[in-house]
Amino acid sequence: MQTRRETLKHSAAVASLLAATGLFPQYVQAFEKAAFDAKTINEAVKAMGGSAPVESKEVTITGPDIAENGAVVPFGASTSLPNVKRVLLLVEKNPSALVAMFNVSPDVEVNFATRSKMGQSSDVYAVAITNDGKAFFAKKEVKVTLGGCGG
Amino acid sequence: MKKIAIALGLIGLSAFAFAEKSSTDSIAEYRQMLQDGNPADLFEAKGEGLWTQKRGPKNAALEKCDLGKGPGVVKGAWVELPRYFADTGRVQDLESRLLTCMQELQGFSAEEIAKTPFGKDEQNNVTALATWVAAESKGMKFNLSQSHIEERKMYEVGKRLFFMRGGSHDFACATCHAQDDKRIRLQDLPNLTKNPGAGNGFGAWPAYRVSNGQMWGAQLRLNDCYRQQRFPYPLFGSEVTIALGVYMGVNGKGGETVAPAIKR
Amino acid sequence: MQSKFLLPLAVLAVSVLTACTSPLPSSADLDKLTKDIVARSFRAEGQAQLDRVSPDEDNLLCAQADQTGVAINEKLATAIEARNMQTIKAPADGKFLGDFKEGEKIAQSGSGKTWTDKADAANGGNCYNCHQISKEELSYGTLGPSLYNYGKIRGVANPSSPESKPIVEYTWGKIMNPRAYNACSSMPRFGHKGVLTEMQIKHVMALLLDPASPVNK
Amino acid sequence: MADPMRIRAQAAGDKATVRVLMSHEMESGQRKDGTGKIIPAWHIQDVTATLNGKTVLTAEWGPAVSKNPFLQFTIKGAKAGDKVGITWKDNKGDTRTDEATVS
């Protein structure tokens with residue numbers, strides 16, 4: 001894990017150098033493509049530098065029990081755990097599980113809300129990754145209904 | 001993944017808690033969660049900018065547009081529309097009136113804009129303007145005039161249209177919107193023949209549709225109602241759409257406008 | 001078409017004369033005005049042609065009743081029911097029930113016949129829009145009665161038995177043309193108006209009446 | 001050129017809650033156009049938040065974030081009058097920055 005994180009850090013530094021030259025717009029961000037392409041929760045967490053996640057009461061995911069529409073499903077992810085580096089929001093049954101990743105800094109509370117698309121009813125995960133690469137999660141089942149006249 | 005699934009078998013317990021809550025309660029909770037952060041705000045901001053921006057062949061702003069309460073008066077205009085306008089000699093709703101202003105003040109062709117498909121070019125600007133104008137009356141109560149004979153005639157026509165059965169499915173507006181406490185699938189159906197349904201239902205548009213991420217004005221709302229009714233295509237700003245606006249708006253008298261709302 | 005609205009002068013001249021003082025025109029004149037307004041407000045789009053806003057006699061009578069709140073008289077209602085009853089045809093092969101799994105799909109689908117639907121695409125039944133049907137589907141409407149346990153409640157143990165014949169035939173007729181039983185029913189005339197094919201109606205029949213269907217569990 | 005964001009930042013106690021709406025298609029890359037061709041993914045992938053010019057939050061988003069995205073977070077130690085800046089960049093290289101004052 002350590003090696004991988006080092007690698008990531010390194011590539012991020014390279015990317016920002018490249019970005020500074022302005023010649024390589026595709027390197028403007030160190031976008032974690034592998035994590036966003038991952039099909040499963042574990043793969044995505046691993047690509048973000050976390051070990052296999054374990055459940056924790058100190059991680060919270062908020063969201064609706066039923067979503068009237070899968071195009072917009074509101075979620076909140078927070079944790080009271082110390083030394084958290086990243087917070088991930090994932091929808092298990094989406095084509096790619098990872099929805100969003102937040103890098104935590106000492107200047108913000110570890111509490112983020114955004115809205116996700118959901119292709120179908122699924123479990124939704126909030127995962128907190130600590131500075132030492134441990135990953136903790138909370139999950140919630142969300143049913144997606146077919147709304148409207150269906151036409 | 002397997003590991004997580006096994007570890008999580010325990011969580012099945014929480015499913016019991018869900019079962020206690022009715023699906024209607026859960027949907028209400030979902031809607032509540034979306035209230036804070038309605039993307040309609042984005043369109044409202046755009047509309048506000050468009051109102052004062054010099055545009056069109058005449059390179060003019062819309063600031064002198066008369067929405068019924070005198071040139072440039074925006075606040076409170078929405079809750080009195082549709083109304084009769086002496087300068088055009090007809091009853092107009094917000095969107096058709098905006099077209100008049102865009103033509104007269106800015107030199108756009110109202111006919112061209114009316115023919116433009118929803119979501120394209122100047123139609124997008126009309127929707128944004130309507131969103132801002134409606135938002136300026138947020139919290140005010142509907143109070144449509146019925147003093148002009150044309151306004152009263154339009155109410156009567158609107159009532160007839162509301163109950164008109166047609167299309168392949170024999171649907172009328174009234175099929176879904178003339179009773180209290182009914183729903184289609186999981187969506188509550190406002191009774192548009194009286195309050196609170198008429199005020200809440202008609203008074204919610206322009207609204208942001210989460211299902212397709214689009215901002216819909218009342219014209220597009222009615223257009224899609226007619227599509228779902230399996231009727232032919234109502235022309236933008238046509239008399240049927242305005243008459244229905246008068247019918248619902250008058251029925252909603254005293255109801256508070258919540259536009260721009262957020263809808264499924 | 002739009003230019004009508006943009007040439008206000010002619011209308012203005014008329015409305016100046018009629019403003020303020022005039023009483024409302026008669027109900028018949030307003031009916032006529034509505035008809036004229038409909039004629040100039042719609043255009044054909046896709047399969048939704050303008051004939052769809054020329055309601056038949058049944059729809060005109062029922063709409064009038066809905067709008068005025070005065071129910072149509074019994075004689076007229078009987079006449080509407082009789083002429084709609086005439087349109088109902090029993091299945092050519094004598095079989096009323098198809099596959100309930102197909103029926104569920106048709107009940108779920110709300111598409112078909114709009115100007116955005118392809119004219120040759122299969123239409124949906126829109127059933128869940130108004131009715132509860134299977135217990136599993138939470139997203140159902142309440143405009144029509146619940147159809148959960150439809151066959152079971154009515155004691156249909158074997159849909160092809162003579163005892164079940166009346167309820168099977170009634171259900172068939174109700175889907176084909178509900179206005180044979182209730183002159184101003186809000187339910188679409190699925191068979192009569194060609195919304196569903198005979199085969200599709202058989203599948204929906206199975207969903208409601210087959211003892212193996214989830215509806216009757 | 002993308003439309004402006006709506007940023008609201010409200011101070012309460014020794015922190016400020018920030019709510020942001022961004023105008024973006026967030027095309028998922030899963031949908032097909034009329035001819036059956038996949039519409040390529042087009043989404044915001046990088047979000048940065050600053051307080052008086054100092055970066056306080058960075059985030060990475062995939063195409064599953066909803067159209068016209070919403071983001072809420074809380075900045076510690078922010079007070080009325082402070083400037084909150086938000087920048088997004090999408091996978092086509094388009095970017096937008098807007099600023100709001102904490103109220």
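No hydrogens, no waters, no symmetry mates; every other heavy atom, side chains included, goes into these values. Within every chain, numbering begins at 1; the chains are lettered A, B, ... in the order of the sequence lines, protein sequences first and strands thereafter.
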**Q** Can you say whether D:Q72 sits under 4.5 Å from chain B via the side chain, the backbone, both, or neither, judging by heavy atoms?
**A** side chain
**Q** Out of curiosity, B:N38 CG to D:R6 CZ, how far, rounded to the nearest 0.5 Å?
**A** 10.5 Å
**Q** Please state whether the side chain, the backbone, both or neither of D:M26 comes within less than 4.5 Å of a heavy atom of chain B.
**A** neither
**Q** Heavy atoms only: give me the nearest D:N68-B:G213 pair and the separation to one decimal.
**A** ND2-O, 3.8 Å
**Q** Surrounding CD of D:E99 (heavy atoms of other residues, nucleotides or ligands, distance under 6.0 Å), is the total greater than 12?
**A**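 It does: D:E99 CD has more than 12 such atoms within range.
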**Q** Side chain from CB out, backbone as N, CA, C, O: work out which of these in D:P69 comes under 4.5 Å of a heavy atom of chain B, or both, or neither.
**A** neither
**Q** Please check if the number of heavy atoms outside B:K138 that lie under 6.0 Å from its NZ is greater than 12.
**A**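 Enclosed: over 12 neighbouring heavy atoms sit under 6.0 Å from NZ of B:K138.
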**Q** Just checking D:K76: does its NZ atom have more than 12 heavy atoms from other residues, nucleotides or ligands closer to it than 6.0 angstrom?
**A**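 Counting neighbours around NZ of D:K76, more than 12 heavy atoms of other residues, nucleotides or ligands fall under 6.0 Å, so yes.
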**Q** Flag yes if more than 12 heavy atoms outside B:K64 fall under 6.0 Å of its NZ atom; otherwise flag no.
**A** no
**Q** Given a strict heavy-atom distance threshold of 4.5 Å, which part of B:D36 is in contact with chain D: side chain, backbone, both, or neither?
**A** both
